[in-house]
Amino acid sequence: MVAKRPDGIFPRIGTDTWGRNLADAIENTSAELGVVPPPRQAIIEGLATALPDTEIKGLIASRNNKKVLKPSAYRLVQAGDEQVLLLMCDVHGAAVVPWDLNDRTVNCWSPPVAEASRRVKDLIAAELSLHEARKTAKTAEKERESCRRAAGDNTYTAQALAAATQKRKDADRRVGELEGERQALLTALGGRRPRPVVRAAHEDGEPKAALSLAEQPYDVAVHMQRYAAENLERAGKTRGYDLAESLVDAGQLSKGMNVLQQWQIIHPDGTVSKLWRLAAMTGNNRALARLSIFRVRPEHLVTGMPQSLLPMPKDKQADPELLLLSQREILNRLSDRLNEAAARPETEATAPSVRAGKIATVSAEIVIGCTKPAALEHVLRTLNVNDHLRGIQPYDEDARLIALFATLVDAYAREALLADALAEAFPDARDADLLDLVGVRDALTANGPLDPLVPLVPAGDDVSPAVLRDIAVRAITALVFPEIPPEAPKQTNTRTVRDTGRFWPIVRGTLQEPAWSQTRAKTAEGRTRLWSAAIAQLFLHRGNILSALGFFGVPETAKGAGQDPRSLKVLLLGAEAGDATAWAALVQRMAPVLIHAPQPFITAGQGSEAGAGRKGVRRTPKSALAALTLAYTATSASNISRALLLAFAKAVLEHPDATQPPEAEDGGPLVCYGERHWVEGQTPITAGMVIAPGTEGQPTRYVADKAWFDETFPVELGRPTPGSPGSTTSPTAGSSTDPTATTVHGAPPADPHDQLATLRRELPARVELVEGGYQQAVDSAHNLMTDFEEAHRLRVQLGEDALPAEQRIEWMEKLTKARAAARASVTTLEQVEALILQV
């Protein structure tokens, strides 16, 4: 006997037969329209199991003995250069999962690095241990209370009370230790979680119009989904009304765009479940509010619903460890239970069966095809950003700026100028013409790894996380502060219009800035905020983006940042060789790392201009950078040496990639410099922190923090003394051979012993710089020869005429001069080799 189908407003999900029919219709319609459909399994398991059975029947029609979608059931939209096919239908109200990567919560995620993912696993284990320890502490407290209240005063009772008291102390101490471990892990993660990396799903080796996450352990998937939902809910609290109550009262008034996404969950027993679900690309807050009204947790939809939460009368016994993986069974059980509850006369108005009545089914648009599946995630993210930027809902300032930067990168790509802008910013790149622009966009917007930036690394430099992050910072700076061509000579009685080049109009159009001639401080501050928010995405520890205010002024905003083209390796060697300009450029490269450190060295404007005793010494971010820059040439600071500066720079540039906390050389404990006199409540020492260097660059037993930075590089150091000598010349330039001579400014001459020690310290770096320059020249000559050989081969093959004699003579004259200079330099190097034996 067939059981009667329960009546009610909450729908039943269609059968597998109708799911296969829907897959046939979508595939046939996609073929007719020239778009790529989702994987067939995704349609059957993720889409058909979210639609009421009557809904699927209304979407399909038959034409020429094959299933197709009705014309009223889909629409083809243009998204940039790609097309996206959308299915318009009604889905079950609890069938859509909020997307983890909502752009409103983008600042809650850190870059997707492997080390952060490992720390998440450690954090989950620590939280589980802490939960068990707290339970043990509560049990110990109850035992102690039971012994304390026990009647009698015999020896046995006293011993039991003492044992229970000691057990409780041990449990409390264990809780404190685990809380410290958990806090240390949270600090190492920067208080955030690594962004999940979503890629196009593949079927038979071909990308399809659906998304997929990498495999995740069950507990990690639950943790990440809860974290995403909590941050989305926190961002939604800025609304001027209660979204859940609005849905209960009026239902859902606008459609949301959804996409099929696969979660691959590794269960504790080693089995892997690959679950297809609908993810809300737009309307994330509505999807989360609907689930809360249904009293369904998002993580249960993507990892499996415990059977005990949706028991049915036919179940012999509710198994708490049994997970329901089929979306059809989950939604049918939910609908049956709600329909049954709604039919009872005693059901209260606050019950889910009553509150969810107007969202039993909701209108939605579902991505069922696209022309370029590999770029689907980027296209949908852009649509979400544009939808939010034009919306009226409150938008967090950091998230809005990050969304604007993503729009700016897309504008460069849309005008086919992204590769040109990067090639101009990196003249020494090894393979700038081999850039994967889709990967570059993901890298610059922190939606993927930094590996696509490898072609921008100079030839001969090692590829490391620090180098790639520096390349990303320079690329973002070049895109936000593009350089404009030099001003043309003015002609008499002729009105001239300043040429702003190819890149500045893109920035102006995207950020909606005024004309170039009206660039003011307000524009410079807005552009700096955008730059700071974009840079912050590259770091695990995210500092205050206002800490960069003052780094760029009106000249940089109007004419470009004017970055030093030298690489990190060359700048470090130059600073070690005594080049003050290299140190100044290195400080500019260090600035983002000084802001986004576990212990930030540069913070937003602090102190008081009225009096240092009230709020501390007034210090702006620009003051901190100036002090660090001028410390290289300062002679009044006896506690600062170039060895200290170089040791600090190397440690700071590499700290974001540290996987283990720093350790003292003697094995003793480390404490933050500003907390060295504290007894309790000290900050845990985590990976990413750096040891404060001593005067000679040796490690100390303190961790560098802002207190150390402000004490070592005080505000007064950032105020150059009037009439001080320029700091751009080499220490040996213009030196006199007469030991009794005085300097130009009347100061006593430098001690020859000090000069010799300085030269011996700097000469190794200068030798390495010369070696690198010669190697680059040799590589350039080899590449030139290869290009001429290829040109000669092609000319012979095609039978082309030779170049004009004038051009060939001009090239030969230039190469003759270069060869003569090379020969002269060889003679100089031979003299240097002879002098090395005499030093």
Under the 3.5 angstrom rule, does the side chain of [X] hit a backbone N or O of [Y] as a donor-acceptor pair?
X	Y	answer
D705	W708	yes
T510	I506	yes
R566	L571	no
T519	W516	yes
R474	F426	no

Salt bridge (Lys or Arg N to Asp or Glu O under 4.0 Å) partners for R701, two or more places apart: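 Listed in chain order: nothing, the list is empty.
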
List the atom of [X], the atom of [Y], and the distance in Å for their closest heavy-atom pair.
X	Y	value
A627	L717	O-CD2, 3.6 Å
R469	L538	CD-O, 4.1 Å
A446	P112	O-CD, 4.0 Å
F551	A591	CE2-CB, 3.7 Å
T500	P485	C-CD, 3.7 Å
A478	A425	CB-CB, 3.6 Å

K559/E483 ion pair, N-O < 4.0 Å: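 Salt bridge: no.
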
Presence of salt bridge, K817 and E813, under 4.0 angstrom: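 Answer for the salt bridge query: no.
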
Pair Q563-F481, side-chain contact (heavy atoms from CB on, under 4.5 Å): steps then yes or no: CA-CA 10 Å; Q563 301 182 83; F481 296 95; over 6 Å; no

Over 12 foreign heavy atoms within 6.0 Å of CE, M812: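 Counting neighbours around CE of M812, 12 or fewer heavy atoms of other residues, nucleotides or ligands fall under 6.0 Å, so no.
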
Side-chain donor/acceptor pairs under 3.5 Å, residues 454-466, sequence neighbours excluded:
from	atom 1	to	atom 2	distance (Å)
D461	OD2	S567	OG	2.9
S464	OG	V467	N	3.3

Are the side chains of [Y] and [X] in contact, using a 4.5 Å heavy-atom criterion?
X	Y	result
V113	P194	no
L549	K622	no
E424	F503	yes
C672	I685	yes
D431	D433	yes

Test: R642 cationic atom under 6.0 Å from Y632 six-membered ring centre, within 45° of axis: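 Pair R642/Y632 counts as cation-pi.
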
Worked verdict on D410 versus H378 for side-chain hydrogen bond (donor to acceptor under 3.5 Å, both in side chains): CA-CA 10 Å; D410 287 341; H378 178 76; 2.7 Å; yes

Show every donor-acceptor pair shorter than 3.5 Å between a side-chain atom in residues 595-604 and any protein atom, with sequence neighbours excluded, or say none if there are none.
from	atom 1	to	atom 2	distance (Å)
H596	ND1	G543	N	2.9
T603	OG1	Q606	OE1	3.1

Nearest 0.5 Å, what's the [atom1]-[atom2] distance between [X] and [Y]?
X	Y	atom1	atom2	value
F648	I640	CZ	CD1	11.0 Å
H655	F539	NE2	CZ	7.0 Å
D420	L418	CG	CG	9.0 Å
L444	D442	CG	CG	9.0 Å
L628	L594	CG	CG	6.5 Å
L408	L401	CG	CG	12.0 Å

Only pairs under 3.5 Å count here: list side-chain donor-acceptor contacts from residues 689-700, not counting sequence neighbours, and write none if there are none.
from	atom 1	to	atom 2	distance (Å)
Q698	OE1	E696	N	3.1
T700	OG1	A692	O	2.6
T700	OG1	Y702	N	3.4

L511/T523 under side-chain contact (heavy atoms from CB on, under 4.5 Å): CA gap, chis, key distance, verdict: CA-CA 10 Å; L511 305 184; T523 305; over 6 Å; no

Step-by-step salt bridge (Lys or Arg N to Asp or Glu O under 4.0 Å) determination, K650 to E654: CA-CA 6 Å; K650 293 176 182 178; E654 296 175 356; over 6 Å; no

Pair listing, side-chain hydrogen bond (donor to acceptor under 3.5 Å, both in side chains) test, anchored in residues 583-594, at least two apart: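 Output for this query lists D470-R589.
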
Listing, residues 527-536 side-chain donor-acceptor contacts under 3.5 Å, not counting sequence neighbours, or none:
from	atom 1	to	atom 2	distance (Å)
R527	NE	E513	OE2	2.7
R527	NH1	V480	O	2.6
R527	NH2	E513	OE1	3.0
R527	NH2	T557	O	3.4
T528	OG1	A524	O	2.7
R529	NE	E525	OE2	3.4
R529	NH2	E525	OE2	3.2
W531	NE1	T477	OG1	2.8
S532	OG	I545	O	2.7

CA sep, side-chain torsions, deciding dist, call: I484, R498, side-chain contact (heavy atoms from CB on, under 4.5 Å): CA-CA 9 Å; I484 66 173; R498 183 62 185 268; 3.7 Å; yes

Worked check of side-chain contact (heavy atoms from CB on, under 4.5 Å) between I476 and Q537: CA-CA 11 Å; I476 292 174; Q537 298 182 96; over 6 Å; no

